Amino acid sequence: MSSSRRNQLKSLLLQIGEAMLEEEAREAEQEKDQYMEESCPPLSIPNCMQELQELCRKVHKQIDLVDDERYDMEMKMKKSNKEIDDLKLMVRDLGGKFKKPALKKVRMSADAMLAALLGSKHKVSMDLRANLKQVKKEVKEEEVKTGNWRKNIEDKAGMDGRKKMFETEA
């Protein structure tokens with residue numbers, strides 16, 4: 001197929017599509033006008049007060065009916081959306097490619113968790129630190145040589161002192 005023939009067919013398809021869109025818009029406008037004529041008759045403002053009050057009551061009743069319909073439609077839509085979500089979840093489960101949602105970290109003590117799970121039945125305290133063994137550190141008592149510090153230094157000074165240091169280490 002030549003490029004000129006292809007361009008001609010493409011422009012013809014675009015013209016047909018444009019005409020169809022215009023026709024759909026006209027039909028939608030006609031349906032809207034027809035609905036408005038059926039639902040909302042032309043407004044005639046009454047001359048006396050009683051007729052005006054009666055008109056207000058009639059309009060309020062119509063508003064109530066429309067609100068009831070709107071509420072019913074919203075509930076149907078929510079219900080159908082919930083069913084759609086459930087079905088999507090089932091399809092995902094059947095497909096085997098289910099992604100687990102990321103869980104939020106909850107900082108809760110063991111006591112608070114048991115209280116939340118068991119409610120008023122929870123009376124035992126789960127203080128984990130209280131159950132640990134108490135270990136006492138033993139203090140090693142080394143005999144500290146207390147004495148004349150000058151004498152100790154003098155003993156270590158000189159050749160005799162150094163000789164004593166090597167003898168005690170070896």
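Residue numbers start at 1 and run along the sequence shown. All figures in this text were calculated on a predicted structure; none of them were measured in a lab.
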Exercise for review: State, to 0.1 Å, how close Arg6 and Met1 come at their nearest heavy-atom pair, and which atoms those are.
Suggested key: NH2-O, 3.5 Å
Rounded at 0.5 Å granularity, tell me how far [atom1] in [X] sits from [atom2] in [Y].
X	Y	atom1	atom2	answer
Glu54	Cys48	CD	SG	10.5 Å
Asp72	Asp67	CG	CG	10.5 Å
Leu13	Lys10	CG	NZ	10.0 Å
Leu94	Leu87	CG	CG	10.5 Å
Met77	Ile84	CE	CD1	10.5 Å
Glu51	Leu55	CD	CG	9.5 Å

Review point. Do Leu21 and Glu18 have side-chain heavy atoms sitting under 4.5 Å apart?
Key: no
**Study point:** Side-chain heavy atoms of Gln53 within contact of Arg57, under 4.5 Å
**Key:** yes
Review point. Between Glu29 and Lys32, does a salt bridge (charged side-chain N to carboxylate O under 4.0 Å, His left out) hold up when you go through it step by step?
Key: CA-CA 5 Å; Glu29 188 67 33; Lys32 182 180 175 183; 5.2 Å; no
Point to revise | Pairs involving residues 73-86, ordered by first then second residue, that meet side-chain hydrogen bond (donor to acceptor under 3.5 Å, both in side chains) (sequence neighbours left out) | key: Arg70-Glu74
Point to revise | Ser11 side chain to Gln8 backbone, donor-acceptor under 3.5 Å | key: yes
Check your understanding: Considering residues, nucleotides and ligands other than Met49, do more than 12 of their heavy atoms fall under 6.0 Å from its CE?
Key -> no
Check your understanding: Under 6.0 Å from the CD1 atom of Ile16, do we count more than 12 heavy atoms belonging to anything else shown?
Key -> yes
